[in-house]
Amino acid sequence: MIECSIADVKLYEGQEVLIKGWLYNKRSSGKIQFLQIRDGSGFIQVVVEKSKTSPELFDLCDHIAQESSINVIGRVRSDKRAPSGYELDLIDLSLIHLADDYPIALKEHGVEFLMDNRHLWIRTERQSAILRIRHEIIKSAMEYLNNHGFIKADAPIITPATCEGTTDLFEIDYFGESAYLSQTGQLYAEASAMALGKVYTLGPAFRAEKSKTRRHLIEFWMLEPEVAYLDHEGNLKLQEELVSYIVESVLKNRELELKSINRDISKLEEINKPFERMSYDDAVKILQQNNFDIQWGDDFGSPEETFLANLYKKPLFVTEYPKHCKAFYMQPNPERPDVVLCDDLLAPEGYGEIIGGSQRIHDFDLLVKRLEEENLPMDIYKWYLDLRKYGTVPHSGFGLGIERTVAWICGLDHIRETIPFPRMLYRVTP
RNA sequence: UCCUCAGUAGCUCAAUGGUGGAGCGACCGGCUGUUAACCGGUAGGUUGCAGGUUCGAGCCCUGCCUGGGGAGCCA
């Protein structure tokens with residue numbers, strides 16, 4: 001007897017296999033039953049014919065409730081009618097646990113109901129496919145970086161103060177002192193890059209902002225590469241390479257999942273290097289020509305970003321924003337000190353910003369001046385300023401938002417489906 | 001925080017100010033190729049909460065609660 005996963009069933013045509021899984025759905029037609037089962041790796045249909053089954057076994061199959069756990073022994077048969085190309089003819093089945101009335105029907109449900117039942121919703125074909133694609137995105141991103149000499153050097157989640165100075169933080173009691181949940185690992189990644197050269201951090205980021213849109217989570221995951229001796233231009237190239245590699249890997253390794261969520265694959269196949277580029281100056285001109293009420297110096301909102309991104313089929317870099325729109329640590333353009341060497345990477349199809357990156361200020365005096373201009377507390381950044389006192393070098397990095405990348409690659413309407421248990425405004429359960 | 005929409009059966013939704021219904025799910029029965037199967041039957045309700053208007057309120061008014069979508073902020 002071969003025990004195998006549903007994903008591997010294709011390797012055992014004509015043979016008997018044991019699958020340990022759950023009953024996903026059931027249809028019956030009197031003397032024939034169709035059990036759809038799942039095991040986490042995929043879905044397959046088990047055919048139960050009355051004429052080929054004992055009365056006890058046939059009756060057992062007829063009474064298994066949705067999401068009951070079962071072990072199925074069956075013979076693998078290829079069948080053109082099956083979505084995955086294979087079916088199992090039942091030989092034996094044992095019931096591990098008979099499920100109670102299952103709340104989630106394979107029908108339409110409302111958002112609130114599904115979110116209340118997120119712990120069960122993730123069992124559905126669509127949600128589990130999205131989570132497998134999320135895994136592929138994280139795996140391939142790490143694979144790319146690992147293969148290019150990067151060291152994974154994670155940043156702390158509990159931090160003493162704000163890194164960027166603006167956004168709201170979650171405060172925690174750290175043995176009587178105030179500490180905060182990290183909103184970015186970047187400053188620590190910069191320190192690690194000075195030790196290890198090329199590094200990345202991967203971890204959750206927390207923003208206590210009352211954002212209530214389809215693009216925002218309170219807790220989201222961010223991949224933040226940081227590279228010593230890398231300039232702005234090199235930073236853009238690294239982002240292009242990484243994102244193209246991720247898209248290629250998903251297309252190559254998650255074809256079934258993309259199909260099962262009805263993703264238009266042709267749109268992903270157009271994603272290749274080089275990506276589109278546009279300076280902030282040009283972006284303002286284009287927006288003004290298209291009747292946006294915007295002046296040089298204004299930051300873009302999402303309607304502006306969406307308009308710009310929709311001009312192209314590939315991701316778009318918008319570069320060199322005005323200094324005052326961006327964080328204190330970004331390096332001004334030496335030839336034009338009113339703008340900084342930064343980029344936002346906007347995903348196509350209206351998915352908006354998936355990366356924010358920049359070359360960092362490496363000059364001690366300039367960094368101090370910027371901290372003063374932003375009225376940030378100097379003592380908290382003492383260790384960060386040390387990096388500019390002991391062998392400072394030009395360096396660059398960026399943050400890739402995992403969930404927004406998943407939403408774009410999967411073509412989802414809402415970011416809440418991109419992570420197993422989303423944390424959103426006013427929702428912390430399940 | 002602001003703008004906007006919504007709350008009726010376990011779920012998705014109907015119901016002109018005048019006797020609260022249907023589909024799905026559950027349960028019972030029928031059907032040998034179903035793909036969210038189909039057909040027949042049974043059970044299932046404090047219409048989010050509190051007031052008000054009215055002969056009469058699921059429906060109109062006020063307040064509150066909960067949720068959806070959007071803005072700002074950003075990944």
Side-chain angles (χ1 to χ4, degrees), chain A residues 24-36 43-53 58 62-63 65-67 77 79-84 87 89 99-117 120-121 124-126 164-168 183-186 203-224 239 298-306 325-327 343-347 351-357 398-408 413-416 418-419 424-427:
Chain A
Y24 186 65
N25 196 15
K26 184 173 64 182
R27 301 181 192 88
S28 84
S29 182
K31 298 192 175 60
I32 186 166
Q33 299 180 51
F34 303 96
L35 311 182
Q36 269 189 297
F43 296 76
I44 195 166
Q45 177 160 278
V46 179
V47 181
V48 187
E49 291 184 71
K50 194 163 192 175
S51 58
K52 298 177 182 169
T53 313
F58 193 84
D62 200 27
H63 287 88
Q66 185 187 2
E67 285 301 326
R77 175 172 45 75
D79 192 311
K80 284 177 195 157
R81 291 168 291 193
S84 69
E87 292 190 340
D89 289 321
D100 281 358
D101 281 357
Y102 195 66
I104 298 187
L106 300 172
K107 298 277 180 180
E108 277 185 37
H109 289 293
V111 170
E112 187 180 6
F113 176 78
L114 289 170
M115 288 304 294
D116 285 343
N117 288 285
L120 303 175
W121 188 23
T124 60
E125 186 171 5
R126 179 176 174 83
E164 299 194 343
T166 48
T167 49
D168 294 316
Q183 56 183 322
T184 164
Q186 184 203 308
F206 305 88
R207 308 232 168 137
E209 308 218 330
K210 299 200 168 174
S211 301
K212 207 171 89 175
T213 80
R214 71 183 71 192
R215 300 180 308 280
H216 288 88
L217 291 170
I218 300 300
E219 175 182 323
F220 66 97
W221 284 66
M222 193 151 56
L223 177 73
E224 295 177 281
Q239 292 170 43
D298 294 344
D299 203 357
F300 300 150
S302 24
E304 289 84 6
E305 284 187 356
T306 303
C325 293
K326 292 291 176 181
D343 69 276
D344 285 353
L345 182 63
L346 309 181
Y351 282 94
E353 186 176 353
I354 56 170
I355 284 181
F398 60 92
L400 169 77
I402 298 294
E403 286 75 19
R404 286 189 182 173
T405 304
V406 175
W408 162 49
D413 291 335
H414 202 295
I415 200 164
R416 64 182 157 233
T418 62
I419 183 169
M424 318 210 311
L425 188 58
Y426 307 133
R427 180 178 282 284

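So that the names make sense, note that chain A is the first sequence line, chain B the second, and so on, each numbered from 1.
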Residues in salt bridge (Lys or Arg N to Asp or Glu O under 4.0 Å) contact with [X], at least two apart in sequence or another chain:
{"X": "A/E87", "answer": "A/R77"}
{"X": "A/K326", "answer": "A/D344"}
{"X": "A/E224", "answer": "none"}
{"X": "A/K212", "answer": "none"}

Quote, to the nearest angstrom, the [atom1] distance that separates [N] from [M].
{"N": "B/rG52", "M": "B/rA15", "atom1": "P", "answer": "28 Å"}
{"N": "B/rG23", "M": "B/rU66", "atom1": "C1'", "answer": "26 Å"}
{"N": "B/rG7", "M": "B/rC27", "atom1": "C1'", "answer": "29 Å"}
{"N": "B/rG33", "M": "B/rG20", "atom1": "C1'", "answer": "41 Å"}
{"N": "B/rG56", "M": "B/rU19", "atom1": "C1'", "answer": "13 Å"}
{"N": "B/rG21", "M": "B/rC39", "atom1": "P", "answer": "22 Å"}
{"N": "B/rA9", "M": "B/rA26", "atom1": "C1'", "answer": "12 Å"}
{"N": "B/rU47", "M": "B/rG40", "atom1": "P", "answer": "30 Å"}

Can you sort out the partners of [X] under side-chain hydrogen bond (donor to acceptor under 3.5 Å, both in side chains), two or more places apart, ordered by chain and number?
{"X": "A/E112", "result": "none"}
{"X": "A/T53", "result": "none"}
{"X": "A/D116", "result": "A/R427"}

When we call it a touch if two heavy atoms are under 4.0 Å apart, what does [X] touch: a base, just sugar-phosphate, or nothing?
{"X": "A/N25", "value": "sugar-phosphate"}
{"X": "A/R126", "value": "nothing"}
{"X": "A/T405", "value": "nothing"}
{"X": "A/L400", "value": "nothing"}
{"X": "A/R215", "value": "base"}
{"X": "A/E87", "value": "base"}
{"X": "A/K212", "value": "base"}
{"X": "A/G301", "value": "sugar-phosphate"}
{"X": "A/Q36", "value": "nothing"}

Query raised in the report: For A/L345 and A/Q239, which heavy atoms make the closest approach, and how far apart are they?
Result: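 The pair with the smallest heavy-atom distance is CB-OE1, 4.5 Å.
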Any idea which of [options] is nearest the [X] side chain?
{"X": "A/K31", "options": "B/rU35, B/rC73, B/rU32", "answer": "B/rU32"}
{"X": "A/S51", "options": "B/rC74, B/rA71, B/rU32", "answer": "B/rU32"}
{"X": "A/K210", "options": "B/rU35, B/rG68, B/rU1", "answer": "B/rU1"}
{"X": "A/S302", "options": "B/rA37, B/rC74, B/rG68", "answer": "B/rC74"}
{"X": "A/E353", "options": "B/rU35, B/rG68, B/rA75", "answer": "B/rA75"}
{"X": "A/H109", "options": "B/rC11, B/rA75, B/rU34", "answer": "B/rC11"}

Query raised in the report: With A/F113, which residues qualify under ring-ring contact (aromatic ring centres under 6.0 Å, His included), at least two apart?
Result: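 Counting only residues at least two positions away or on another chain, A/F113 forms a ring-ring contact (aromatic ring centres under 6.0 Å, His included) with A/H109.
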Query raised in the report: Considering residues at least two apart in sequence or located in another chain, which fulfil the ring-ring contact (aromatic ring centres under 6.0 Å, His included) criterion with A/H216?
Result: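 Listed in chain order: nothing, the list is empty.
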Base-pairing assignment for [N] (Watson-Crick or G-U wobble, both under 3.5 Å):
{"N": "B/rG17", "value": "none"}
{"N": "B/rU1", "value": "B/rA71"}
{"N": "B/rU66", "value": "B/rA6"}
{"N": "B/rG45", "value": "none"}
{"N": "B/rU54", "value": "none"}
{"N": "B/rA36", "value": "none"}

Atom pairs under 3.5 Å: protein N/O with N/O of nucleotides 5-9 of chain B:
none

Tell me if the side-chain of [X] makes a donor-acceptor pair with the base of [N], cut-off 3.5 Å, by modelled atom types.
{"X": "A/E112", "N": "B/rU66", "value": "no"}
{"X": "A/R404", "N": "B/rC74", "value": "yes"}
{"X": "A/S211", "N": "B/rC73", "value": "yes"}
{"X": "A/H216", "N": "B/rC74", "value": "yes"}

Without decimals, in angstroms, what is the distance between [X] [atom1] and [N] [atom2]?
{"X": "A/K80", "N": "B/rG33", "atom1": "NZ", "atom2": "C1'", "result": "15 Å"}
{"X": "A/F300", "N": "B/rG72", "atom1": "CZ", "atom2": "P", "result": "13 Å"}
{"X": "A/I218", "N": "B/rA75", "atom1": "CD1", "atom2": "P", "result": "14 Å"}
{"X": "A/D116", "N": "B/rG68", "atom1": "CG", "atom2": "C1'", "result": "13 Å"}
{"X": "A/F113", "N": "B/rC24", "atom1": "CZ", "atom2": "P", "result": "17 Å"}
{"X": "A/F34", "N": "B/rA36", "atom1": "CZ", "atom2": "C1'", "result": "16 Å"}
{"X": "A/D79", "N": "B/rU35", "atom1": "CG", "atom2": "P", "result": "14 Å"}
{"X": "A/I415", "N": "B/rA75", "atom1": "CD1", "atom2": "C1'", "result": "8 Å"}

Within the sub-3.5 Å range, which N or O atoms of nucleotides 25-30 of chain B have a protein N or O partner, and how far apart are they?
none

Query raised in the report: Between A/K26 and A/L425, which is nearer to the 5' end of RNA chain B once each is assigned its nearest nucleotide?
Result: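 Its nucleotide being nearer the 5' end, the pick is A/L425.
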Query - Heavy-atom side-chain contact between A/Y24 and A/E67 under 4.5 Å - result: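 Yes. Closest side-chain heavy atoms under 4.5 Å.
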Query raised in the report: Under the criteria of a ring-centre distance below 5.5 Å and an interplanar angle below 30°, is A/F220 stacked with the base of B/rA75?
Result: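 One would call A/F220 stacked on the B/rA75 base.
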Protein N or O to nucleotides 42-44 of chain B N or O, pairs below 3.5 Å:
none

